[in-house]
Enquirer: 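Pasting a structure here, questions to come.
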Amino acid sequence: MIKLDSFSLFFVANWKLNGNFKFIDQFISNISLPRDKSKCVVICPTSIHLDYMSKNINDFYLGAQNVSQHKDGAYTGEISVNSLSDLNVNFCIVGHSERRQIFYEKNEEINLKSVNLIKNNLVPIICVGETLQEKEKGITNEILEEQLKNSIPISSNFQNTIIAYEPVWAIGTGLTPTIEEIDVTHQFIREHNVKFNKFKILYGGSVKADNVKLITSLLNVDGALIGGASLKTDEFTKIIQD
Ligand code: PEP
């Protein structure tokens, strides 16, 4: 398992269902990685492109966007933890809100996937976050509590798991919580369970070159999960270099 505590900041690029070989070639030749080795840059392409990327990268880490909760067997179309290990994948996003909402993924499933990843030395990046409706009802903390309690396995610790706070309403919208709101929510997550004390907690939702510095300067923010802006090489370079 990769040594999470050897890094001070994480930048995780979630390419979602985007990218092809040409895009990857251009990305790899244009990206400029930080000299500061305490910054960990993780690229999560589609699972189809993991193999190609694993053969063409040296300086950043590879992450998957999802994994099956099943080890093997009759589960047509699924991708196992073992397949990810074969491709030198170190990280896997689990429980992204798009999977929770579009594919009806439940906390229990997210928990099982995370258990399997940890057993196989892959780091789950477990996503939690409230919808706009939940925020407006003032129940953000209850929602986060439920997601944290049920989706983070007992076997998780600061050396094998990352948490990502992603308010659903901030994903792909250009909207972000205020800096004070991010600060308060990350502190809430950190203090929610004593074991989260040393966890890496990332923020995700419309992170860009012009807001990343302020967000990642917060005491309880250990990096960012980046969607749209990670597909623009110049913008992503600025994000990870700053
Ligand atoms: C994401 O998909 O996890 C995400 C944070 O997307 P965006 O940066 O585009 O809001």
Enquirer: Taking the side chain from Lys195 and the backbone from Ile154, do they hold a donor-acceptor pair closer than 3.5 Å?
Expert: yes
Enquirer: Quick one: does any side-chain atom of Ser230 pair with a main-chain N or O of Ile226 as donor and acceptor, under 3.5 Å?
Expert: yes
Enquirer: I'd like to check His186 versus Ile215 (side-chain heavy atoms, cut-off strictly below 4.5 Å). Are they in contact?
Expert: no
Enquirer: Are side-chain heavy atoms of Lys71 and Asn116 found at a separation under 4.5 Å?
Expert: no
Enquirer: Which is it for Ser156 and Asn160 under the side-chain contact (heavy atoms from CB on, under 4.5 Å) test, yes or no, and what are the steps along the way?
Expert: CA-CA 6 Å; Ser156 273; Asn160 63 24; 4.2 Å; yes
Enquirer: In the hydrophobic cluster built from side-chain contacts under 4.5 Å, what are the other members alongside Val194?
Expert: none
Enquirer: Quick one: do Asp234 and Lys238 make a salt bridge, cutoff under 4.0 Å?
Expert: no
Enquirer: So, Asn211 side chain and Ser206 main chain: donor-acceptor pair closer than 3.5 Å or not?
Expert: yes
Enquirer: Got a second to check how far Met1's CE is from Gln159's CD, nearest 0.5 Å?
Expert: 9.5 Å
Enquirer: Hey, does the side chain of Lys200 reach the backbone of Asp222 with a donor-acceptor pair shorter than 3.5 angstrom?
Expert: no
Enquirer: Start with the C-alpha distance between Thr46 and Trp15, add both sets of side-chain angles, then the distance that settles side-chain contact (heavy atoms from CB on, under 4.5 Å), and finish with yes or no.
Expert: CA-CA 7 Å; Thr46 73; Trp15 284 0; 6.0 Å; no
Enquirer: Is a donor from one side chain sitting under 3.5 angstrom from an acceptor on the other, for Gln26 and Thr233?
Expert: no
Enquirer: Examine Phe199 and Val42 and state if one hydrophobic cluster contains both, with Ile, Leu, Val, Met, Phe, Trp and Tyr joined whenever side-chain heavy atoms are less than 4.5 Å apart.
Expert: no
Enquirer: Run the salt bridge (Lys or Arg N to Asp or Glu O under 4.0 Å) check on Lys135 and Glu181 step by step: do they pass?
Expert: CA-CA 11 Å; Lys135 178 183 164 62; Glu181 284 173 328; 3.0 Å; yes
Enquirer: Any side-chain heavy atom of Val168 sitting closer than 4.5 Å to one from Glu134?
Expert: no
Enquirer: Which atom pairs, one a donor and one an acceptor, fall under 3.5 Å between side chains of residues 2-9 and the rest of the protein, sequence neighbours left out?
Expert:
| from | atom 1 | to | atom 2 | distance (Å) |
| --- | --- | --- | --- | --- |
| Ser6 | OG | Lys3 | O | 2.7 |
| Ser8 | OG | Ser38 | O | 3.4 |
| Ser8 | OG | Ser38 | OG | 3.0 |

Enquirer: Where does the angle between the aromatic ring planes of Tyr75 and His70 fall among parallel (under 30°), tilted (30 to 60°) and perpendicular (over 60°)?
Expert: parallel
Enquirer: Ile163, Ile171: one ILVMFWY side-chain cluster at the under-4.5 Å cut-off?
Expert: no
Enquirer: Do the side chain of Gln241 and the main chain of Leu33 share a donor and acceptor less than 3.5 angstrom apart?
Expert: yes
Enquirer: Any side-chain to backbone donor/acceptor pair from Arg100 onto Asn107? Under 3.5 Å, distance only.
Expert: no
Enquirer: Ignoring hydrogens and angles, tell me if any N or O in the side chain of Glu235 forms a donor-acceptor pair with the backbone of Lys208 under 3.5 Å.
Expert: no
Enquirer: Roughly how far, to the nearest 0.5 Å, is the CG atom of Leu84 from the CG atom of Asn90?
Expert: 10.5 Å
Enquirer: Evaluate the criterion side-chain contact (heavy atoms from CB on, under 4.5 Å) for residue pair Asn111 and Asn150; output intermediate values, then yes/no.
Expert: CA-CA 7 Å; Asn111 190 309; Asn150 297 315; 5.8 Å; no
Enquirer: Could you go step by step and tell me if Asn56 and Ile24 meet the side-chain contact (heavy atoms from CB on, under 4.5 Å) rule?
Expert: CA-CA 9 Å; Asn56 286 285; Ile24 293 170; 5.7 Å; no
Enquirer: Below 4.5 Å, heavy atoms only, C-beta onward: do Leu231 and Lys16 meet side chain to side chain?
Expert: no
Enquirer: If you look at every heavy atom in Gly205 and Thr176, which pair is closest and at what distance?
Expert: O-CG2, 3.3 Å
Enquirer: Would you check if Pro124 and Ile118 make a side-chain contact, meaning some heavy-atom pair closer than 4.5 Å?
Expert: yes
Enquirer: For Lys106, is there any backbone N or O sitting under 3.5 Å from a side-chain donor or acceptor partner on Tyr104?
Expert: no
Enquirer: Which ILVMFWY residues can you reach from Leu132 by hopping between side chains whose heavy atoms are under 4.5 Å apart?
Expert: Trp169, Leu175
Enquirer: Could you tell me whether the side chain of Asp25 and the main chain of Lys22 form a donor-acceptor pair under 3.5 Å?
Expert: no
Enquirer: Are His192 and Leu144 side-chain neighbours, meaning at least one heavy-atom pair lies under 4.5 Å?
Expert: no
Enquirer: Can you check whether Cys40 reaches Tyr61 side chain to side chain, under 4.5 Å on heavy atoms?
Expert: yes
Enquirer: For residues Lys39 and Ile240, determine if any side-chain heavy atom of one lies less than 4.5 Å from a side-chain heavy atom of the other.
Expert: no
Enquirer: Is Phe158 linked to Leu218 within one hydrophobic cluster, defined over Ile, Leu, Val, Met, Phe, Trp and Tyr using a side-chain heavy-atom separation of less than 4.5 Å?
Expert: yes
Enquirer: Can Leu50 be reached from Phe60 by stepping across I, L, V, M, F, W or Y side chains whose heavy atoms are under 4.5 Å apart?
Expert: yes
Enquirer: Over all heavy atoms of both residues, which pair between Ser151 and Val128 is shortest? Give the atoms and the distance, please.
Expert: OG-CG1, 4.4 Å
Enquirer: Does Asn120 reach the main-chain N or O of Leu122 with its side chain, forming a donor-acceptor pair under 3.5 Å?
Expert: no
